[in-house]
Amino acid sequence: MTSSQSKLPPRVLYWFRTDLRLHDSPALHAALELKPEFFYPIWTWDPQYVFAHKVGVNRCNFLLESIENLSFSLTACNPKAKLHVVRGPPQTVIPALCKAWNITHLVYEKDTAGYAAVRDAEIKAYVLKEGIEVIDILGHTLYDPQAIIELNGGKPTMSISSWSAAAKKLSSPSRPLPPPDKLPSPGDMPLAGFSREDHPVMTGVDLNEAYRVSATTCFDTMAGPDGNFSIPTMEELGFPPATTSIHGGETEALKRLEAYCADKARVVKFAKPKTSPAEFDPPATTQLSPYLKFGCLGSREFLWRVRDTIDQWDKDENGKKNNEITEHPENLEGQLCFREMYYAAEWSQGLRFGQIRGNAICRFIDWRLQNQYDADGLKTHPRPLGHTRDEERLSAWKEGRTGFPWIDAIMRQLRQEGWIHHLARHSVACFLTRGQCYISWERGAETFDELLIDWDPCANAGNWMWLSCSAFFSMYYRVYGVKSFPEKYDKTGKLVRKFCPELVNFPDKFIYTPHLAPVDVQERAGCIIGRDYPFPMLDEKAEKEQCMQRVKAAYALGLYGNDPATFDGSAVTKLEQEAESPNTVYREGQKRETNHNIQKRKQQRGEEGISAKRTKVNGIKKYLVQK
DNA sequence: ACGCAGTTGGGACC
DNA sequence: GGTCCCAACTGCGT
């Protein structure tokens, strides 16, 4: 810190990013503890988010609504305060603002994940060199991902039990801090040094071109069209209006939390696997994920509101019905714990968490259409895996025209609403990867990035690895059916009728398999399969069998994304040889016996139990069976 | 070395 | 609608 700046009363630049709220904000609290003379709340509108990063209209709209609401709340604390939106890359505009506004302290909520962590390290180093103090404080998650990994012996948290064991050693998350009721005013805001010429925005490829209905004007100036750091509009982004019914903002988040917790028994008995992915009006879950993602809702606020609701219910019931309280990890608190587990695991891998190559926790499976280049621009495979047929299947999946109504309805709901139920995500993710299409989870993850409002670099990549049996989960023989699974929740196909309206008049019996309906039924439904709705694009059962054998072979090979063999081509060659003449022999009776029920049953029948042992031969695991 | 659990499977059979 | 079996994974605890 230079001597002139150390004498200045604090002038705080408060950078909002993952914390679009005033409640439950340790970083904001720390900023105000400085008793700043001037307080500048800003949001940086990064052109990377608008041009180089595929982001659908619904997430963009949610973000705009959230920062609008935040600005409104700032003004409620001080009529002179508002959120200043600075257009430009943060690496450029943050140092420029610090200089122009004589900033002494840069304060923000720490973001441990993905690109943001890399970006922040760069900015922090630069700003510190200029003698400005940087205060970055955790607040987005309940626990520090780094601390969790250290307590887990330096290993990534690969199961909820290992995460829980590590978390137990840390102190329980504190109660949320209240929002401030007043704020200091900002000082002068000279615009010196703020011209587009000085800080050219990113040009070149516009990944969101397909969405735009007019030219992007929001980067014409750093301070917006009126020079007052206004919040950009969808029009300025060239975007058409959003299609979702989910609206952003801290006010909306707290209202939804309140409404959800008003039904105490629902909170107490919440069990994720029992909630229906087929329900949509209202959904069977809290639908608070977009608010947690943007920090409109604090994670401690959610945690303690849930805990208090359960305590209150328990008191009301005199503790008589304790057995009705759902246990960890299926309860609401457990949902938050999985989020924490993914944040910790992500921290252990950094940017590599979102790809296969270089990712030490991700199994190498020879998925079609996997990344050819990794985040560092390094070639991952000597030749592309997959061809036109796979491209066509991927497009059909993305656009909701696979010919499987359950999959198509979910994918259309995803595009329209920007949100789908957790188990709906499971269905379409399993279908795209290990279930039927054998397409890389990287393609699925980037589709969700584009279309989900609540997309999060940790939870999204983590769940895609989970569903594709690449990490966290390994029972690849458990495959979600496109008829059996939704039928467990809804035999009448409400979700299909809503999002695939061409199928609305099919009888319940055929709603998930309309191609099996006799022609006269199709005619009466006013929908001929193959003409008005696609015929299934693949044989669900046959593809499932093939996928399972391929995943099994990849498991036997036992390679992970950081193995050199996964990018010099030798892993793929080995798997192809495996497909030609399997090293692992799947013969009748040659099973690895691990189910003790079967063992016990056989013993009861007086049969000799089978013992099996697994060995590695030439790097390939073989299942050897001995009688 | 072994038993068993793992947030959320499918299908036959009663 | 509930129960059991299918087929067979990893990681953790003992």
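Treat the numbers as computed from the prediction; the structure is a model and nothing was measured. Values reported hereafter were calculated over all heavy atoms of this structure, with side chains retained and with hydrogens, waters and symmetry mates removed.
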From [atom1] of [X] over to [atom2] of [N], roughly how many Å is that when rounded to an integer?
X        : N      : atom1 : atom2 : result
A:Asn331 : B:dT7  : CG    : C1'   : 10 Å
A:Met158 : B:dG6  : CE    : P     : 17 Å
A:Leu423 : B:dT8  : CG    : P     : 10 Å
A:Glu545 : C:dC6  : CD    : P     : 16 Å
A:Arg478 : B:dG9  : CZ    : C1'   : 6 Å
A:Phe473 : C:dC12 : CZ    : P     : 16 Å
A:Leu557 : C:dC9  : CG    : P     : 15 Å
A:Trp163 : C:dC12 : CH2   : C1'   : 18 Å

At 4.0 Å (heavy atoms only), tell me whether [X] reaches a base, stays on the sugar-phosphate, or touches nothing.
X        : value
A:Phe338 : base
A:Gly334 : nothing
A:Lys488 : sugar-phosphate
A:His328 : nothing
A:Lys541 : sugar-phosphate

Considering just the side-chain nitrogens and oxygens of A:Arg425, establish if one lies under 4.0 Å of OP1 or OP2 belonging to B:dT8.
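No, outside the criterion.
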Does a side-chain N or O of A:Ser484 approach OP1 or OP2 of B:dG11 to a distance below 4.0 Å, or not?
yes
Separation of the [atom1] atoms in [N] and [M], to the nearest angstrom:
N     : M     : atom1 : answer
B:dT8 : C:dG1 : P     : 22 Å
C:dA7 : B:dC2 : P     : 23 Å
B:dT7 : C:dG2 : P     : 23 Å

Going by purine N1 to pyrimidine N3 plus the second Watson-Crick contact, or the G-U wobble pair, all under 3.5 Å, which nucleotide sits opposite [N]?
N     : result
C:dG2 : B:dC13
B:dT7 : none
C:dA7 : none

By nearest nucleotide on DNA chain C, pick out whichever of A:Met548 and A:Lys491 is the more 5' one.
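Of the two residues, A:Lys491 wins.
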For A:Tyr438 and A:Arg550, test the side chains for any donor-to-acceptor distance below 3.5 angstrom and give the result as yes or no.
no
Would you say [X]'s side chain and [Y]'s backbone share a donor-acceptor pair under 3.5 angstrom?
X        : Y        : result
A:Gln349 : A:Ala345 : no
A:Asp456 : A:Asn460 : no
A:Arg300 : A:His140 : no

I want to verify a distance call: between [options], whose nearest atom is closest to the [X] side chain?
X        : options              : value
A:Tyr555 : C:dC9, B:dT8, C:dC12 : C:dC9
A:Ser474 : B:dG9, B:dT7, C:dT10 : C:dT10
A:His426 : C:dC9, B:dT7, B:dT8  : B:dT8

Test salt bridge (Lys or Arg N to Asp or Glu O under 4.0 Å) on A:Glu450 and A:Lys398 and set out the steps.
CA-CA 11 Å; A:Glu450 181 184 345; A:Lys398 277 182 80 167; 3.7 Å; yes
Carefully, step by step, assess A:Asn463 and A:Tyr342 under the rule side-chain hydrogen bond (donor to acceptor under 3.5 Å, both in side chains).
CA-CA 8 Å; A:Asn463 276 319; A:Tyr342 287 136; 2.8 Å; yes
